[in-house]
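The structure displayed is predicted, hence computed values, not measured ones. Lettering of chains follows the sequences in order, A, B, ..., and the numbering in each one begins at 1.
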There are 4 protein chains.
Amino acid sequence: MGCAAGSAGRRVPRPRADALRNRERIVTAAREVYVEYGAEAPLDEIARRAGIGNATLYRHFPDRHALVDAVVRSVMVRAAEQAERIADEEPDPFAALCRFAHLAADERIGALCAMLSCGFDRNRPDLDAERRRLEGAVEGLTERARRAGRLRPDVEAGDLMLVLSQLSRPLPDSGSLDMGRFAHRHLQLFLDGLEAPARSELPGSAVTLEDLRRAAP
Amino acid sequence: MGCAAGSAGRRVPRPRADALRNRERIVTAAREVYVEYGAEAPLDEIARRAGIGNATLYRHFPDRHALVDAVVRSVMVRAAEQAERIADEEPDPFAALCRFAHLAADERIGALCAMLSCGFDRNRPDLDAERRRLEGAVEGLTERARRAGRLRPDVEAGDLMLVLSQLSRPLPDSGSLDMGRFAHRHLQLFLDGLEAPARSELPGSAVTLEDLRRAAP
Amino acid sequence: MGCAAGSAGRRVPRPRADALRNRERIVTAAREVYVEYGAEAPLDEIARRAGIGNATLYRHFPDRHALVDAVVRSVMVRAAEQAERIADEEPDPFAALCRFAHLAADERIGALCAMLSCGFDRNRPDLDAERRRLEGAVEGLTERARRAGRLRPDVEAGDLMLVLSQLSRPLPDSGSLDMGRFAHRHLQLFLDGLEAPARSELPGSAVTLEDLRRAAP
Amino acid sequence: MGCAAGSAGRRVPRPRADALRNRERIVTAAREVYVEYGAEAPLDEIARRAGIGNATLYRHFPDRHALVDAVVRSVMVRAAEQAERIADEEPDPFAALCRFAHLAADERIGALCAMLSCGFDRNRPDLDAERRRLEGAVEGLTERARRAGRLRPDVEAGDLMLVLSQLSRPLPDSGSLDMGRFAHRHLQLFLDGLEAPARSELPGSAVTLEDLRRAAP
DNA sequence: TATGAATGAGATTTCATTCAT
DNA sequence: CATGAATGAAATCTCATTCAT
């Protein structure tokens, strides 16, 4: 069957190759720039870094929100892919959780949490699929660890995701400071605590992914 | 005769009472606004909130940096005071650490960590006194807990301060989300881990306050 | 001899059917959009409304001016056709004038007067034929009424055309206001005055179509 | 009694002289530019013409709407003043109406009708006073003429205002065309018709000022 | 001294027009 | 020939900082 004229006469013209490439370059540049400058980064800087005119950026993403959406989506997908891969490869349930956490930190998930938090907005049903995929993968990892008795029972996947994001967030203007070094250290410290038996009753209730989902602006 | 007009023509005018009050109001307003808007808050908004003209703000603080300095100094002092008070009042070394951490989170120390990180800038010797006072107080608390065997020995005061700041940072635009709830929960989770025996070797070396001091932009 | 494939290699390709249809759709869409948005309407909106790509629009009309020309030409032709038809059908000379005026108002001739005024530009000899046809038709109507003593003798066809355009121009952003209602009312009021005997000497001299012709930018 | 500390301790600092002067210059420049360019005139052009920086314009008028409001208010006041003065000076009721109409045309009331139509917006209660003043003055003139039997009884003040605005509107881009000449001519033609006895029943009902008031975007 | 006002530099966004598929 | 994409120039608006009262 031909890939093109499948269904009725509708015109769904396949996106042009160069446009796709540009779109990709914009999202990549945006992720870098967001990590570097924060979410307030000037769009012109993103366009410059992507090597395109600023108006081209607006053709692909009608406003700054749409670009953030795209970056969030891409980050979610990458994180989900890693979670799924690790679930397949790593036999030890807690080690799997740890590997995922450190990899996600390397993915700059914390630097992008400004945007990620938007991604959990219930008003963005267009991110639903990606969100559910990521949630499912992370919940799979935590559930497995919990069943194996390797995770404090009062801790949820949402707790992990939020702490992970916060601990790996760059300090604003922390030019020369290598946050990565701190992030991995503190993440491991935190993970160690997750495996140890509970010592105190935690204040508040567990943070579920549903909580994060309700959190958006 | 006022205390000012000591020698002949020299002018060492004691700051007027209203000027002092204005200065105070500006710093208070700035702290609120920074917590609310982030460090990019428009200076006019701060002036408005303080109930003064914008030019008055510039008379007291020649540029945006000077104002941040003042806010940082005030936050440092408040945190140091609490640390010192708790050290006096709380007999249990680990409980003292915990109480300090939660109180500091309530002080929005995380919301202000953008500015705090500036405060550790080596180029601001005018913050030296306050910084040393805060460092001393927190190191006192951690040292006491460590000696009592209630703190993982591979953890430093700087680790605590940094994690504390990160975990209590508000999510950007987290409108309806009550970060306080999460902050205290995750802080406690982290503190529980600090008390438990080490389960893994932490990556990187301990974060000392000296490290943070070197981190500034 | 066929008109097309006359000599050897010359290319005088008869316009393709679809190209003609596209051209027609563009002009129709442009007229609608101009009435709706004014002459500043984005060309992309016109292309969208016509259901074609924007570059196609440029193929047919090299610049915004050319498109306006085409719309003006089409409006002129429609108005001329009506004037000619009414001249044939309506025995009463003044009633003919009135019917033409009200019909032209319904044609949105006022909404398009921005462009019509361009149409009288002497620099557009390509509109000459259409302009002369419209002028001829309207002058025929006024001349007949004047000869029958039903029209103030100091009034010219150009006066009528200009007043007609002005009175039926939509107010900018007059969202809910039904200009049609006002236009027809005030047009009739004006026409009543045209039939009545002169009460005062009019300032200025009569507006001839030649005047309008010289008016363009 | 001092002019300042009249009532309680409220601070209503008298606007500075230079600011007032600037405000005045902006409004004047805006009126000119609107007449010339239409309501879409670039704000930078207005600022340039007023001889101030563009940001100063924004200090006085937070957005383009606020500036239009100010221009509308000023035009309304000038027109009302003229109507009142003429009512006092001109003994002949119909001549008074005519003088007002021609003067208002000279005031470029038609060129500004884009903005005037906004001025009749019911959502701008801040224009209420000026609007009522103008309405009152014009209704006074028409009522007097009607009572004297010098005005078609089926015509209202609103009809006059609207026709007056439309007939004196400049053609878009009518660079070299002297609209003033046409405006006065056609206005007089229309006014002649208003004094003559009715020849036909007008379509629609009279346009009251209330109608215009309801017309806004 | 305190203040409202002024300002230029920069950010976001739109649009007519050109380019490449 | 038709089209989506690209683009620079311009318009609106914001804000840190300086100026004048």
*Which heavy atom in B:L57 sits nearest to a heavy atom in B:I26, and how many Å separate them?*
CA-CD1, 4.0 Å
*Please name all residues satisfying side chain to side chain contact (heavy atoms under 4.5 Å, CB included) with C:N54, sequence neighbours left out, ordered by chain then number.*
C:D44, C:A47
*C:R48: what forms a salt bridge (Lys or Arg N to Asp or Glu O under 4.0 Å) with it, not counting sequence neighbours?*
C:E45
*Taking side chain to side chain contact (heavy atoms under 4.5 Å, CB included) as the test, write out the residues that go with C:A66, two or more places apart.*
C:F61, C:P62, C:D63
*Let me know the distance between CZ of A:R25 and C1' of F:dA6, rounded to the nearest Å.*
12 Å
*asked:* Taking salt bridge (Lys or Arg N to Asp or Glu O under 4.0 Å) as the definition, give me every residue that meets it alongside B:R73, ordered by chain and number, with sequence neighbours left out.
replied: B:D126, B:E130
*Reading nucleotides 16-21 of chain E 5' to 3', which nucleotides get B (base under 4.0 Å from a protein heavy atom), which S (sugar-phosphate only), which -?*
SBBBB-
_What is the distance, to the nearest angstrom, from the CZ atom on A:R23 to the P atom on F:dG4?_
17 Å
_Take a 6.0 Å sphere around CD of B:E36 and say whether it holds more than 12 heavy atoms from other residues, nucleotides or ligands._
yes
*Which heavy-atom pair separates D:A41 from D:V33 by the least distance, and what is that distance?*
CB-CG1, 3.3 Å
*Would you mind reporting whether A:Y34 and A:L67 have side-chain heavy atoms less than 4.5 Å apart?*
yes
*Does a side-chain N or O from D:H60 land closer than 4.0 Å to OP1 or OP2 of E:dA6, or not?*
yes
_If I take atom CG in residue C:L57 and atom C1' in nucleotide F:dG4, what distance separates them, rounded to the nearest angstrom?_
14 Å
*B:R48 has an atom CZ; how far is it from atom P of E:dT3, in whole Å?*
15 Å
*asked:* Between P on F:dT14 and CD on B:E45, what's the gap in Å once rounded to a whole number?
replied: 14 Å
*Round to the nearest Å and state the distance from A:E24 atom CD to F:dA5 atom C1'.*
17 Å
*Does a nitrogen or oxygen in the side chain of C:T56 sit under 4.0 Å from OP1 or OP2 of F:dT3?*
yes
*Dot-bracket for DNA chain E, 5' to 3', with Watson-Crick and G-U pairs under 3.5 Å, [ ] for crossing pairs and | for other-strand pairs: what is it?*
.||||||||||||||||||||
*Report the distance from atom CD1 of A:I52 to atom P of F:dA6, rounded to the nearest whole Å.*
7 Å
*What's the spacing between B:E32 CD and B:R49 CZ if we round to 0.5 Å?*
5.5 Å
